[in-house]
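Letters A, B, ... mirror the listed sequences (proteins, then strands); counts begin at 1.
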Number of protein chains: 2
Amino acid sequence: MLSYTPHELIQVFPIFDESLADFIIEHGESKLFSSDEVMMRPGQFFKYAMLIVKGRVKLYREGVEGEEFFMYYLENGDACALSMLCMARNQSSTIMAVSLEETEVIMIPIQLMDSLMKNYPTWYHFVIETYRSRFEELLTVVDHIAFKNMDERLEWYLKRQASSLGNDIMLTHQEIAHDLNSSREVISRLLKKMEKNGQISMERNTIHWLGLN
Amino acid sequence: MLSYTPHELIQVFPIFDESLADFIIEHGESKLFSSDEVMMRPGQFFKYAMLIVKGRVKLYREGVEGEEFFMYYLENGDACALSMLCMARNQSSTIMAVSLEETEVIMIPIQLMDSLMKNYPTWYHFVIETYRSRFEELLTVVDHIAFKNMDERLEWYLKRQASSLGNDIMLTHQEIAHDLNSSREVISRLLKKMEKNGQISMERNTIHWLGLN
DNA sequence: TTACTAAAGTGACATATATCACAGGAAGAA
DNA sequence: TTCTTCCTGTGATATATGTCACTTTAGTAA
């Protein structure tokens, strides 16, 4: 039993209708993650679908030697597509999800999925839309690593950060390098170029996206 | 009205139950693609979900300058996850699907999706499984281009080809290079190495996967 | 057979990115 | 303040891959 009102829920998940909201409030469980908690880790087996009510979650792929590769953020109104793949055989999905801020999540037990699907058309619309948007996001990720050089990838990365977290991007060069599976020096040099081009300005620990193009 | 018997359909799509098979036979449309036909192209808007009954389809991503990047094959029993994203706004999804052999497809008009979802639980299981498997496949694709060097990617590529098309891989170095968005010379050299390592043997137009590791 | 074409092999060089080594500077701790 | 640590800048060099130029080979058509 959740402590939201249907109205509150619908504000975050506009696709939901009243009856679906009621059902979720009745049967969902609430969970609060503090900042920098690991919410999902490689090899984990999921018993819940997770809906993000508030906060921000970073999803990234881990390489066998501990490399990281940033994929996307989940924010309020999003669901974790991967947690919905929970019914999958317990294949070790090497994906990591980490909260970047305090994050409020609704957990929906997997046993309820079938009944939700059957009885709440808006639920499956929501699920399909979740898959669709993540799928498309993944495709653009593939595009960038398959076809683009690091300078363009960095630019795209910063653009995404800016649109999600605001124009003051509080990340070190090292962190950006991690996310792009590159090295700090390379990123520093490319950032320098972008600064000369007037696309960004830099401070210690922060990059200001000037968003001129 | 399709010319399959429910039994035939269920053989190809084992997850289907009798009533779903009946429904699809009654309302689906059949389409035959000959070899090397473009089945889906960038920017296309879909009015059908496509199920592959027979044949083989190659899905690849196209870069802005005409580069190619192989993603996966669809075979009998598969559905095109992307065609199921049809309800999506008409965003130009820059993906290409080309038949590699004569390919038999069932087309399900998009208007039927809601009713299928609602009335046939096995249908949404099928849809979810389609998404899930393609999503996972995409994730491993991301892994490889993000973390691996060309030699490992080539090896993985050949392994996938072998498991899908058999151990005699009838592709030229040029074609492989295209699929990996690399260049022929690089692929030739790496193949030479693999031959020395005893992983493959080579003939003109064909690579024999020896599958020793 | 001969001629032609597509596929494959190979050396030389170009480029992007990774790596190493180190220096300077800013922020925080003592 | 001084010390220390972390962030950033930068040159030198290594490596993987891409590109160019050319040769060799295998199959095919005449």
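Rounded to a whole Å, the CD1 atom of A:Ile169 is 13 Å from the P atom of D:dT8. The NE2-C1' distance, from A:His178 to D:dC7, rounds to 15 Å in whole Å. Between the C1' atom of C:dA14 and the CG atom of A:Asn149 lies a distance of 14 Å, rounded to the nearest Å. The distance from atom CG of B:Leu154 to atom P of D:dA16 is 15 Å, rounded to the nearest whole Å. Counting to the nearest Å, the P atom of D:dG18 and the CZ atom of A:Phe147 are 13 Å from each other. Rounded to whole Å, the distance from CE on A:Met150 to P on D:dT17 is 14 Å. Here the C1' atom of nucleotide C:dT17 and the NZ atom of A:Lys148 are 18 Å apart, to the nearest Å. If you take CG of B:Asp151 and C1' of D:dT17, they are 11 Å apart, rounded to a whole angstrom.
For A:Asn167, the side-chain contact (heavy atoms from CB on, under 4.5 Å) partners are A:Ala162, A:Trp209, not counting sequence neighbours. Under the side-chain contact (heavy atoms from CB on, under 4.5 Å) criterion, B:Thr5 pairs with B:His7, B:Glu8, sequence neighbours left out. When the side-chain contact (heavy atoms from CB on, under 4.5 Å) test is applied to A:Asn76, the partners found at least two apart in sequence or on another chain are A:Val12. Contacts of A:Glu104 classified as side-chain hydrogen bond (donor to acceptor under 3.5 Å, both in side chains), with partners at least two apart in sequence or in another chain: A:Tyr4. For A:Asn149, the side-chain contact (heavy atoms from CB on, under 4.5 Å) test picks out A:Asp151, with sequence neighbours left out. Partners of B:Thr130 according to the side-chain hydrogen bond (donor to acceptor under 3.5 Å, both in side chains) rule, which considers only residues two or more places apart in sequence or in another chain, do not exist here.
For the helix from C:dT1-D:dA30 to C:dA30-D:dT1, the terminal axes (five pairs an end, C1' atoms, rotation from four pairs onto the next four) enclose an angle of 20°, given to 10 degrees.
Taking only side-chain nitrogens and oxygens, A:Ser182 comes nearer than 4.0 Å to OP1 or OP2 of C:dA18.
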Check: protein-nucleotides 7-10 of chain C nitrogen or oxygen pairs below 3.5 Å:
unit_1, atom_1, unit_2, atom_2, d
C:dA7, O4', B:Arg204, NH2, 3.2
C:dA8, OP1, B:Asn205, N, 2.9
C:dA8, OP2, B:His173, N, 2.9
C:dA8, N7, B:Arg184, NH1, 3.4
C:dG9, OP1, B:Lys192, NZ, 2.8
C:dG9, N7, B:Arg184, NH1, 3.2
C:dG9, O6, B:Arg184, NH2, 2.9

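A pairwise comparison of heavy atoms in B:Glu62 and B:Pro42 identifies OE1-CG, 3.8 Å as the closest pair.
Annotation: cation-pi pair B:Arg134/B:Tyr72 present, NZ/CZ under 6.0 Å from the ring centroid and within 45° of its normal.
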Anything under 3.5 Å between a donor and an acceptor, one on a side chain of residues 182-189 of chain B, the other on a protein residue two or more places apart or in another chain? List them.
unit_1, atom_1, unit_2, atom_2, d
B:Ser188, OG, B:His173, ND1, 2.8
B:Ser188, OG, B:Arg184, O, 3.3

